[in-house]
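These notes concern the structure reproduced below.
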Amino acid sequence: NRAGEKLTDSEWQDIEDALIMADCGPELSINIVNKCKKERQDNLHQLKEHMLNVFPEVKSLNDDKKPFVLLVVGVNGTGKTTTIGKLATMYRQQGKKVLVGAADTFRAAAVEQLSVWVTRAGADIVKQAEGSDPAAVSFDTIQRGISRDYDVVIIDTAGRVQTDTSLMNELAKVHRVIQKAMPSAPHEVWHVVDAGTGQNAINQVEKFKEIAHTTGLIVTKLDGTAKGGIVLQLTHRFAIPIRYIGVGETLEDLLPFDASNFVDELLP
Amino acid sequence: TLTQKFSAISDRLRGSARITEADLDATLRDMRMALLEADVALPVVRKLLDEVRERGLGEEVAKSLKPGQLIVKILHDVLSDTLGGEPKPLDLQKIPSVILLCGLQGAGKTTTAGKLARFLTQQGKKVALTSVDSTRPAAREQLEILARQVNVPYFAGRGKRADQMATDALNQAKKDGIHVLILDTAGRQTVDDDLMAEINKVQRKVQASERLLVLDSMMGQAALEIAESFHENVRLSGCILTKTDADVRGGAAISVAQSTGVPLRFVGTGEKLEAFEFFDPQRMAGRVLG
Ligand SMILES: Nc1nc2c(ncn2[C@@H]2O[C@H](COP(=O)(O)OP(=O)(O)OP(=O)(O)O)[C@@H](O)[C@H]2O)c(=O)[nH]1
Ligand SMILES: Nc1nc2c(ncn2[C@@H]2O[C@H](COP(=O)(O)OP(=O)(O)OP(=O)(O)O)[C@@H](O)[C@H]2O)c(=O)[nH]1
Ligand SMILES: [Mg+2]
Ligand SMILES: [Mg+2]
C-alpha cells in the first residue's frame with residue numbers, strides 16, 4: 001500500500017518539484033514538504049491530508065433569493081463567457097428560468113458569442129447596442145429578471161487586467177448599479193481563473209476581490225497540461241471557495257470542485 | 001522582487017574578498033526562489049543557474065572586489081542572452097506569405113491577428129485575414145470585425161476541415177495578389193492529439209513562412225510544455241507574448257526561449273489593435289528580475 005509507506009528523500013524531492021511545476025509556488029511547495037517531514041507526516045496519505053486542510057469548510061451557496069444574481073468577472077480570455085453558457089445549462093437542467101445580461105459591450109463579437117451560448121442553454125439574453133454602458137445593461141437585466149420572474153440572472157462582463165484603473169472602476173460601478181437594482185445583489189460574484197495562470201493570479205484575485213467583492217472562484221481549462229496549483233495559493237491566502245472547474249469547451253464541461261481529486265492531480 | 005533580493009545577496013557577499021562555493025550556492029538558492037516566483041519553469045531555472053554557477057566559479061569573479069554585484073550581473077546577462085538579441089523582421093519574401101497563429105484557448109490569437117494586420121498594412125503590405133476556427137461561437141465574426149476595423153479584406157475559406165479552409169483562403173490570396181495572409185486558428189490544448197494533428201496538417205498544406213505561438217504572458221510553469229509541444233508540431237518560427245499590460249513578471253518568455261530557442265518577436269500590450277510592439281529582450285529581462 002504505497003500511500004502508507006514512508007517517503008524517501010528522493011521521493012520528497014520529486015513531490016516538491018511536482019508541486020512547483022504545478023504552479024503551487026516555490027514558497028508554499030517547500031513549506032508543505034518541510035512541514036510534513038518535520039511533523040513526521042511522512043507518507044503520501046498524510047501529505048494529502050495536510051494539503052486538503054488548506055481548503056476551508058465550503059460555505060453554502062448564497063442562492064436562495066429570487067432571482068439569484070450572479071456576477072462573473074476575470075481577466076481577458078479566461079473563459080467567462082463559455083462558463084456562463086455552462087452554468088446557464090446547468091440551471092436550466094434544474095428546471096430554472098435563466099436570464100443572462102451581455103454586459104461586455106466592448107469586445108468584438110462578445111455579444112454574438114454569448115448569444116450562441118444562451119440559445120444553446122435554452123436561456124434568455126438581455127443586450128444593448130455596442131459601446132453601451134455595462135452598468136446600464138446589468139441594471140436592465142436585473143430589472144427584467146425580477147419583473148419577469150426569472151430564477152437565475154447571470155451577468156457576463158468584459159475581460160480586464162487588474163492593473164487597468166479605469167476598467168476596474170467600471171467594474172466597481174457595475175457592482176454598485178447591481179445593488180441599486182436589487183439591494184441584496186449580486187448574491188455571488190465568481191472570478192474565473194485560467195488554470196495555466198502563474199503567480200500573477202494572486203494579484204488578480206486580490207484586486208478583483210477589493211473591487212467586485214468576489215465570493216467564489218471558477219478554475220477553467222483543467223483539461224489541459226496545467227494542473228492549476230495556483231488554486232492552492234489562492235485558497236491559502238484568500239479562503240474564497242472554488243465552486244466549479246471547467247474541463248473543456250462544450251456545455252457539459254463543468255464540474256463541481258472536488259478538493260480531493262484536485263490534490264491527487266497535483267502530486268506525481 | 002529580484003532587485004530587492006539582489007541587494008540582499010550583494011550585501012551578504014559584500015566585504016568578503018573572495019566568494020566561497022558556499023556563498024555562491026546560498027546566492028543561487030535565493031535566485032532560484034526569485035526566478036520561480038517570476039514564473040520561470042523549474043527545469044529552465046536549473047539550466048540557467050548551472051550557467052550562472054559555472055561563470056560564478058570562474059576567474060573573473062574570483063578576482064573581483066565586488067563578487068556579489070558581479071554574480072547578479074551574470075544572472076542578468078544569462079537572462080538577456082537567453083531572450084536573444086533584437087528580433088529579426090518577419091520572413092515575408094514569398095507572395096503570398098502566410099503567417100500562421102497558433103496557441104492555447106484565450107491566449108489572444110484573434111486579437112493579435114488584427115494587430116499584425118494593422119502593423120503590416122502600415123508598412124505598406126497588402127494584407128488579408130482568415131480564420132479556420134469552426135469551434136468557438138462567433139470566432140470568425142470576431143475576426144471579420146477586426147478586419148473591417150483595420151481595413152483589410154477577410155477571406156472566408158470554404159471547406160469542412162481547417163486545412164481545407166486554409167488552402168481555399170490561400171488560393172483566394174494568390175488570385176487577389178495579397179502579399180501576406182494572416183491565418184487565425186482555433187485555440188487548442190497540447191494534450192489534445194486530434195487538435196495537434198489538425199494544426200500540423202494546416203501547416204503542411206499552407207507552408208506558412210512564419211509559424212507564431214501566441215502565448216499569454218501570465219502563464220506559469222506549463223508554458224514550457226506548451227512551447228515544446230507546439231514547436232514539435234509546427235516548428236515555430238517565433239512567439240508573440242500577450243497581455244503584458246497585466247504587469248506580469250513574464251517568466252514564461254524565458255521558459256519558451258531557453259527550452260526551444262524559438263525567438264520572441266512581438267508583445268501585445270493591451271486590448272486595442274495599436275497595443276503591439278516589437279519584443280525588447282533587455283526590457284523583458286528587467287521585468288523577470290523585478
Ligand atoms: N480547453 C478549454 N477551453 C476553455 C475552457 N473554458 C473556456 N475555454 C475556451 O477559452 C476560450 C476563451 O473563452 P471565453 O469564454 O471567450 O473567455 P472570456 O473570459 O469570456 O474572454 P473575454 O471576454 O475576451 O475576456 C474559448 O476558446 C473557450 O472555448 C475550458 O474549461 N477548457
Ligand atoms: N489586456 C490585454 N488583453 C488582450 C491582449 N491581447 C488579447 N487580449 C484580450 O484577450 C481576450 C482573448 O483574446 P482572443 O483574441 O479572443 O483570444 P484567442 O486566442 O483568439 O481565443 P480563442 O480563439 O478562443 O482561442 C480578449 O478579451 C482580448 O481583447 C493584450 O495584449 N492585452
Ligand atoms: Mg467573454
Ligand atoms: Mg480566437
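Here the structure is a predicted model, which means the values were calculated and not measured. Naming: A, B, ... by sequence-line order, numbering from 1 per chain.
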Task: For chain B, the option from Val116(A), Asp194(A), Thr250(A), Asp17(A) that forms the most heavy-atom pairs under 4.5 Å - done: Asp17(A)
Open item on the list: Just verifying a value: how many Å separate Met219(B) CE and Asn200(A) CG, rounded to the nearest 0.5 Å?
Closed with: 12.5 Å
TODO: Heavy atoms only: give me the nearest Leu36(B)-Gln199(A) pair and the separation to one decimal.
DONE: O-CG, 4.3 Å
Task: Smallest separation among heavy atoms of Ile20(A) and Gln221(B), with atom names - done: O-CG, 3.2 Å
Open item on the list: Rounded to the nearest 0.5 Å, what separates atom CD in Glu112(A) from atom CD1 in Ile145(B)?
Closed with: 5.0 Å
Open item on the list: Please report the interatomic distance CD1(Ile226(B)) to OG1(Thr225(A)), rounded to the nearest 0.5 Å.
Closed with: 3.5 Å
- [ ] Considering non-hydrogen atoms only, spot the tightest contact between Val191(B) and Gly224(A) and give its length.
- [x] CG2-CA, 4.0 Å
Open item on the list: If the contact rule is any heavy atom under 4.5 Å from chain A, which residues of residues 192-199 of chain B qualify, in numerical order?
Closed with: none
Open item on the list: Strictly less than 4.5 Å between heavy atoms, which residues of residues 39-47 of chain B line up against chain A? Please order them by number.
Closed with: Asp39(B), Leu42(B), Pro43(B), Arg46(B)
Open item on the list: Please identify, among Ala138(B), Ala222(B), Ala246(B), the residue contributing the most non-hydrogen atom pairs under 4.5 Å to chain A.
Closed with: Ala246(B)
TODO: Hey, could you give me each pair passing side-chain hydrogen bond (donor to acceptor under 3.5 Å, both in side chains) that has a residue in residues 72-84 of chain A? Not counting sequence neighbours.
DONE: Asn76(A)-Glu271(B), Thr81(A)-Asp156(A)
- [ ] Please flag which part of Arg136(B) lies under 4.5 Å from any non-hydrogen atom of chain A: side chain, backbone, both or neither.
- [x] side chain
Task: Region of Gln189(B) in contact with chain A, defined by heavy-atom distances below 4.5 Å - done: side chain
Open item on the list: Do Gln113(A) and Gln142(B) pair up side chain to side chain, a donor and an acceptor below 3.5 Å, judged on atom types alone?
Closed with: no
Open item on the list: Taking 4.5 Å as the heavy-atom cut-off, does anything in residues 23-31 of chain A contact chain B, and if so which residues?
Closed with: Asp23(A), Pro26(A), Glu27(A), Ile30(A)
TODO: Check whether any side-chain heavy atom of Thr220(A) sits under 4.5 Å from a side-chain heavy atom of Gln105(B), and report yes or no.
DONE: no
